[in-house]
Every structure is written in C-alpha cells, then in structure tokens.
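First listed ligand is number 1; within each ligand, the first listed atom is number 1.
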Amino acid sequence: MKPDLFESPDYYNIDDLLTDEHKLVRSAARDWVKREVSPIIEEAAQKAEFPKQIIGGLAEIGAFGPYIPEEYGGAGLDQIAYGLIMQEIERGDSGVRSTASVQSSLVMYPIYKFGSEEQRKKYLPKLASGEFMGCFGLTEPDHGSNPGGMVTNFKDAGDHYILNGAKMWISNSPFADIAVVWAKSEEGRIHGLIVERGMEGFSTPETHNKWSLRASATGELIFDNVKVPKENLLPNKSGLGAPLLCLDSARFGIAWGAIGAAMDCYDTALRYAKERQQFGKPIGAFQLQQKKLAEMITEITKAQLLAWRLGTLRNEGKATSAQISMAKRNNVDMALKVARDARQILGGMGITGEYSIMRHMMNLESVVTYEGTHDIHLLITGLDITGLNAFK
Ligand code: TGC
Ligand code: FAD
C-alpha cells in the first residue's frame, strides 16, 4: 500500500470551533493511525483478520470509553473529542472504528449507565485498558430492524438465570471476553445481561466470507441454557429504550467516523487528480473531475458542520435521538457517495489495495446498514416531523 500522506481538509475553518484539548486529542489519534493502522490495515483486510495488536494503542489514545469518567478508567472527554477520535480511527478503517464504537458505546456505556457500582468497578477499568474486550448482542436472525420482536429470553432459576436464544451479526463476538446481551424476561420485558466467555452453553462462532468490514471480526452469540449469575443483570434500566440509548451514543460516533472515511477518499483522489496525466495534462484540470472533487469537499464540509453542531447539543444534553439519526444517515450516505466518486477518479488504480478507497467503500456498505439502516433512519425523521409512524 502507498505511504499514508493524509492531509485533513478543513474548508470552513472548523478548527476555529474546537478547543486546544480537542485538537490535541485529534492529533494523538491521527498520528497513531498513521503509525500503527495505515501500514497494516490493507493486509489485515485482505486476510479478513482483526489486527489484535492494535488493541493497546486504541486504549492509549482514549478510544475505549472516551467520555466515561476517569474514575472508571475512561478518558473523561466531551462528546466532540469522542467524535474526533472516531473520525480519525475511521479515516484509517471503519472496522477498527467499529471495535472502538462497540467497546465504548455498546459495552462500557450500558455498564456505566445501567449497571450497579460493583459491575462498573469490575468491568469498566479493564474494558478501558483493553484487557477485556466486549461485544453487544441485540440483533437476531429474525429480528434486525425490529429488535423489539427478539426471542432470546431468560428464566429465573433461583440464584441464577437460564439464558436461551441466539444473536447474529455481532461485531467482536469471536474474541470478546464479555457480551452485553439483550433478552426478554418471563414477563416479556427486555433487560441487559453481562455474559462472560467460558460460561457453559455459550459459544461465539465467527461469520466468514464478508466482502465488507473485513478487518473487523463478526460472529454469532449462541446461548444454550447458559447459567447467568443474578448479579450480571444490569439493574438500572429495562425496556427497548435501554439498548436504543446505547445506539444513540454509537450512532453519534458513526456520524463523525464516516467523515473520516470520506476525508481519506477525498484527500487521496485530490492528490491523484493533480498528479495523474492524461491527454497532456493532469486529470484534475478536466471539468468533470473538478465537479466530483468540488462536490466531495462541499458534502464533507456540510457533514462536518452537522457533526460539530450535534456534538455541542450532546455536550449540553439537548440532542434528540432523531437528530442523531439524521446525522448518522446523512454522513454515512455522504461518505459512500464520496468513496464511489473518488474511486472513479483513480480509474483502474481505484480498485486495487494500493489505495484505501475501495476498502472504505466496501466497509461503508456495512456502516450504512448497521446501527439502523439508511431506510430506518429516514423513517425515524419522518416520524419525528409528522408524528405519524410509518414503521408498522
Ligand atoms: P418504539 O416503540 O419506537 O420504542 C421503544 C422504546 O424505545 C424508546 N426509543 C429510544 N430510546 C432511546 N433512543 C432511541 N433512539 C430510541 N428510539 C426509541 C421509545 O421511546 C420507547 O420507549 P418506552 O419507554 O415508551 O418503551 O420501538 P419500535 O419497536 O417501534 O422500533 C423503533 C425503531 C425501528 C426505530 C428501532 O427499533 C430501531 O432503531 N431499529 C434499528 C435497529 C438497530 O439499529 N440495530 C442496531 C444493532 S447494534 C449494531 O448494529 C452495532 S454495529 C456495530 C458497530 O458499530 O460496529
Ligand atoms: P432487515 O431488518 O431484515 O432489513 C432488510 C431491509 O428491509 C433493509 O433495507 C431495511 O431498511 C428494510 N426495512 C426493514 N424494516 C423496514 C420498515 N419498517 N420499513 C421500510 N423498510 C424496512 N447487531 C448487533 O446487535 N450488534 C453488533 O455488534 C452488530 N454488528 C454488525 C456488524 C456488521 C458487519 C453488520 C452487517 C451488522 C451488524 N449488526 C449488529 C446488525 C445490524 O444492526 C443489522 O444488520 C441491521 O440493524 C439491519 O437488520 P437486518 O440485517 O436484519 O435487516
């Protein structure tokens, strides 16, 4: 793969809206991605392997629990710093950002928000340091966009619960030490349970043959009469709203992360367009290529402003779930379109692993589907503005 020459675009001086701490955090993440991710990611994606050697580095740049208080091992940062870290990581690869998103927003966040003090102390510092890796089980084979229909369930068996069911499409499941699993009680109420690797009847087979997110491990979670100690139930929130609150946090991170993937594609295409000569001049001198590049930077800039404003609203505790849906949907769609146009600018070279664009493009096909599909987020906006539910 070519050396990483990335230069971040900032067409509207958005850096002026950031604090010194934001810029420091971003710079540490950017340098780390250049040093530790760019040189190895193409080979990891080709081999369809999650590069476990980067776990320690992810912890060091604060990617595991950026906004979790320091007393529990987190970085204690604000939402914009969290977003910037996700942006920089996804500039390297969406699969690596996935690992950080799951660990932070789908494992540490529910333990922090809905867990007991004992659970927080037991798990959060180890998750923040990467000593423990986690995964999040919501989706089932027959319940993807409609998680409320889940059939995974647990029954009270005296001093423990008995958990049965299966989850599918679970990021990090093949190597996770713990899983935050959403399941129905005998009363049909959804609760979160912490299931640990090694519990009898719990297995995590890997899902193979993905053409997308190849550097991220995906698998199932299978529960065959698993005995889960009662102290592993998250006590402080139940109902579908609990996992959906975790998704709000992860979707916010994705809205920023997708900008990183788009920036990398734009930056690569811009450099290529200025260097590659055809018909005696750089291809960047042709109007058709300039149109693509000009539209890319316009859309990236709009997405940056949307993410920044959403970050300030989240810092003030005012962002709504529907606002997060709009940003996730818009920014991932934007990144996919930028990746497709950038790939065309590189001509034949665009389909090779010499450049990152095709990998980003294939990764984004997962990102546009997970954490709520493109269609589902549109319906969330539709419901929010009309008050009319078009889901069912
Ligand atoms: P509905 O009746 O609308 O809501 C049920 C309860 O949840 C509350 N709620 C939310 N709370 C917090 N945040 C949100 N975004 C919320 N949306 C809804 C709602 O107020 C209600 O609360 P209560 O107290 O009244 O019970 O639920 P529904 O069954 O009609 O479904 C709504 C729908 C379709 C929007 C929702 O289920 C949905 O978002 N579906 C998409 C599923 C999804 O995103 N799955 C993601 C799985 S995890 C994943 O993909 C990880 S990818 C890994 C990586 O990042 O690498
Ligand atoms: P479906 O729900 O079957 O949807 C299929 C199509 O129907 C979509 O286009 C959808 O938009 C459309 N559709 C569905 N309902 C409606 C409706 N009411 N109106 C109009 N159109 C509709 N899940 C986890 O729990 N944890 C994870 O860590 C995780 N990681 C993932 C990693 C990868 C690589 C992938 C691909 C998925 C992951 N997921 C995870 C699952 C992901 O969240 C689901 O794939 C997603 O929510 C969509 O569910 P589905 O695939 O079952 O599609």
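- Considering backbone and side-chain N/O atoms, S145 comes within less than 3.5 Å of an N/O atom of ligand 1.
- Within a 4.0 Å radius of atom 22 (O) of ligand 1, the protein contributes no heavy atom.
- Residue S98 places at least one N or O, backbone or side chain, under 3.5 Å from an N or O of ligand 1.
- When only non-hydrogen protein atoms are considered, atom 15 (N) of ligand 1 lies nearest to D248 OD1, 2.8 Å.
- Only one option out of L234, V181, L233 pairs with I194 in a side-chain contact (heavy atoms from CB on, under 4.5 Å); it is L234.
- In this comparison of T373, V368, V180, the heavy atom closest to atom 11 (O) of ligand 2 sits on T373.
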Walk me through whether S98 and Y370 qualify under side-chain hydrogen bond (donor to acceptor under 3.5 Å, both in side chains). CA-CA 10 Å; S98 264; Y370 68 34; 2.6 Å; yes

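- Under a 4.0 Å N-O distance rule, the pair D333/K328 does not qualify as a salt bridge.
- Closest protein heavy atom to atom 1 (P) of ligand 1: L240 CD2, 4.8 Å.
- Protein heavy atom in closest approach to atom 53 (C) of ligand 1: S171 OG, 3.5 Å.
- Heavy-atom contacts of L213 reach the following atoms of ligand 2: 34 (C) (cutoff under 4.0 Å).
- Looking only at atom types and distance, the side chain of S321 has a donor-acceptor partner in the side chain of D248 under 3.5 Å away.
- The closest heavy-atom contact to atom 51 (C) of ligand 1, among the options E371, H377, K237, comes from E371.
- There is no protein heavy atom closer than 4.0 angstrom to atom 25 (O) of ligand 1.
- Between E196 and K122, at least one side-chain N (NZ, or NE/NH1/NH2) sits under 4.0 Å from a carboxylate O, which counts as a salt bridge.
- The residue from Y370, F136, W169 that puts a heavy atom closest to atom 30 (N) of ligand 2 is W169.
- Defined by atom type and a distance below 3.5 Å, a donor-acceptor pair is present between the side-chain atoms of S249 and Y67.
- Remark: minimum distance from atom 42 (C) of ligand 1 to any protein heavy atom is reached at G144 O, 3.7 Å.
- By the 4.0 Å N-to-carboxylate-O rule, K23 lies too far from D15 to be salt-bridged with it.
- Contact analysis puts S366 in contact with ligand 2, with a non-hydrogen atom separation below 4.0 angstrom.
- Between the choices V96, V102, T218, L244, the shortest heavy-atom distance to atom 16 (C) of ligand 1 belongs to L244.
- With L245, V367, I190, L247 as candidates, the residue nearest to atom 48 (S) of ligand 1 on a non-hydrogen basis is L247.
- In this structure, the side chain of T369 does not engage the main chain of T373 through any donor-acceptor pair within 3.5 Å.
- Between G372 and ligand 1, at least one pair of N/O atoms sits closer than 3.5 Å.
- Under the 4.0 Å distance rule, the nearest protein heavy atom to atom 19 (C) of ligand 1 falls outside the cut-off.
- With respect to the salt-bridge test (charged N to carboxylate O, under 4.0 angstrom), the residues R91 and D264 qualify.
- Here atom 45 (O) of ligand 2 lies nearest to T369 when heavy atoms of N172, T369, I170 are compared.
- Across N153 and V151, no two heavy atoms sit closer than the pair ND2-O, 3.1 Å.
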